[in-house]
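Heads up, the thing below is written out as structure tokens.
Note that these values count all heavy atoms, side chains included, but never hydrogens, waters or copies made by symmetry.
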Amino acid sequence: MAAEPVNVSEFQELARLALPKMYYDFFSGGAEDQQTLRENVEAFRRITFRPRILIDVSRVDLSTSILGYNISAPIIVAPTALHQLAHPQGEVATAKAAATCNTIMVLSFSSSCTIEEVATSCNAVRFYQLYIYKRRDIAATLVQRAEKNGFKAIVLTADNPRLGRREADIKNKMISPQRKNLEGLFSTKVTSDGGSNLEAFVKETMDPSLSWKDIEWLRSITKLPILIKGVLTHEDAIKAVQVGLDGIIVSNHGARQLDYSPATISVLEEVVHAVKGRVPVLMDGGIRRGTDVFKALALGAQAVLVGRPVIYGLAAKGEYGVRRVLEMLKDEFELTMTFSGCSSVKDITRRHVRTEHERPLSKM
């Protein structure tokens with residue numbers, strides 16, 4: 001019998017073995033040369049700790065809150081597409097694992113399971129990820145369904161006027177299944193002249209004219225708080241605050257859109273400084289260890305979102321695998337807090353880390 005995985009990387013290897021190549025490549029791949037994909041992970045490795053000693057860490061509290069909702073640790077489940085390609089139970093298994101771990105799941109717009117199936121699977125705080133299509137009535141319908149089914153916030157993904165060039169999907173002729181949430185709204189069957197039918201589907205449906213002025217329309221159709229996902233610059237962070245959004249997620253879409261976008265951890269501080277505490281800032285991209293979670297919080301994030309590791313856990317061991325991935329990250333995060341002299345999330349400060357451009361401080 002194979003040994004139980006002891007870290008996220010080992011779950012990734014189990015997922016690779018469990019999944020058909022087309023699906024593993026779909027989940028694990030990035031855009032073009034995959035430079036940003038590698039850099040999302042590598043950039044964390046260049047940040048080191050400034051651990052503090054002789055501080056009472058006999059009790060360490062990982063809990064925090066996002067938009068007023070309490071969670072057991074600042075680690076939430078990122079929106080990722082088509083969980084049933086990883087496991088037959090799909091997002092229902094992921095939702096149950098997130099609920100068991102007392103954290104928030106952001107359900108993908110492109111989920112295999114419907115909003116209603118996930119909502120009725122277990123009692124938990126969930127957010128809903130939204131793409132805005134050329135046909136605005138589709139977005140309006142989905143937002144209303146999410147609101148009716150108890151979702152607590154909308155996460156607008158704003159970095160996809162088109163689909164990034166994901167070469168593995170093109171080579172594999174990746175076939176994207178019908179999206180159950182869109183059934184009855186319009187046909188999601190698209191044929192492609194070679195390459196990925198996902199690319200053809202996005203080209204036909206996504207709205208490249210979407211702009212900041214459309215935030216006002218989105219606000220008009222929901223009372224839920226709205227977070228914007230896909231911010232990588234000081235300028236866009238300021239704009240997000242100006243138009244009245246309720247939170248920002250620093251994200252490069254898991255390195256699946258524009259290759260050579262910066263690693264998210266490398267621009268997190270730029271966004272945090274622009275926002276000046278007016279709204280919560282979260283980040284995703286490259287989180288593979290509890291140490292990464294600590295680094296993100298030290299640089300100003302209120303929480304991190306975890307995408308691929310959740311999929312790897314799901315593919316390898318279903319609901320149990322997702323739970324184990326979240327527990328591993330929490331356990332590693334707790335250990336990092338302990339060694340750094342932080343007994344609560346509020347104790348984590350900028351002085352606990354050193355980025356690659358900083359010289360060691362001779363005096364504080």
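Take T338 and apply the side chain to side chain contact (heavy atoms under 4.5 Å, CB included) test, not counting sequence neighbours, and it matches V57, V60, E334. The side chain to side chain contact (heavy atoms under 4.5 Å, CB included) search around S9 returns N7, not counting sequence neighbours. Checked against side chain to side chain contact (heavy atoms under 4.5 Å, CB included), D25 has the following partners two or more places apart in sequence or in another chain: K21, A168, N172. Checked against salt bridge (charged side-chain N to carboxylate O under 4.0 Å, His left out), R38 has no partners two or more places apart in sequence or in another chain.
Rounding to the nearest 0.5 Å places CZ of R289 at 4.5 Å from CD of E332.
R308 places a side-chain N or O within donor-acceptor distance of the main-chain N or O of G254, the cut-off being under 3.5 Å.
Within the structure, salt bridge (charged side-chain N to carboxylate O under 4.0 Å, His left out) pairs that include any residue of residues 215-225 comprise R219-D246 (at least two apart or interchain). Each ring-ring contact (aromatic ring centres under 6.0 Å, His included) pair with one or both residues in residues 247-290, not counting sequence neighbours, would appear here, but there are none. Among pairs with a residue in residues 63-73, none fulfils salt bridge (charged side-chain N to carboxylate O under 4.0 Å, His left out), at least two apart in sequence or across chains. For residues 273-285, the set of pairs meeting the salt bridge (charged side-chain N to carboxylate O under 4.0 Å, His left out) definition, not counting sequence neighbours, comprises K229-D284. Counting only residues at least two apart or in different chains, salt bridge (charged side-chain N to carboxylate O under 4.0 Å, His left out) contacts with residues 88-115 are absent. For residues 28-87, every residue pair satisfying the ring-ring contact (aromatic ring centres under 6.0 Å, His included) rule, not counting sequence neighbours, is listed here: F49-F294.
Side-chain contact, S211 with K213: a donor N or O sits under 3.5 Å from an acceptor N or O. Counted by atom type alone, N70 and S63 present zero donor-acceptor pairs between their side chains at under 3.5 Å. Counted by atom type alone, Q12 and Y24 present one or more donor-acceptor pairs between their side chains at under 3.5 Å. Using a 3.5 Å distance cut-off with no hydrogens or angles, the side chains of D159 and N252 do not pair a donor with an acceptor.
Ion pair E183/K180 not flagged as a salt bridge, since none of the NZ, NE, NH1 or NH2 atoms sits closer than 4.0 Å to an Asp/Glu carboxylate oxygen. A salt bridge links D207 with R136: at least one charged nitrogen is closer than 4.0 Å to a carboxylate oxygen.
L17 forms part of no hydrophobic cluster, judged by ILVMFWY side-chain heavy-atom separations under 4.5 Å.
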Hey, can you pull the donor-acceptor pairs under 3.5 Å for the side chains in residues 148-158, sequence neighbours left out?
{"unit_1": "N149", "atom_1": "ND2", "unit_2": "R145", "atom_2": "O", "d": "2.8"}
{"unit_1": "T157", "atom_1": "OG1", "unit_2": "Q129", "atom_2": "NE2", "d": "2.8"}

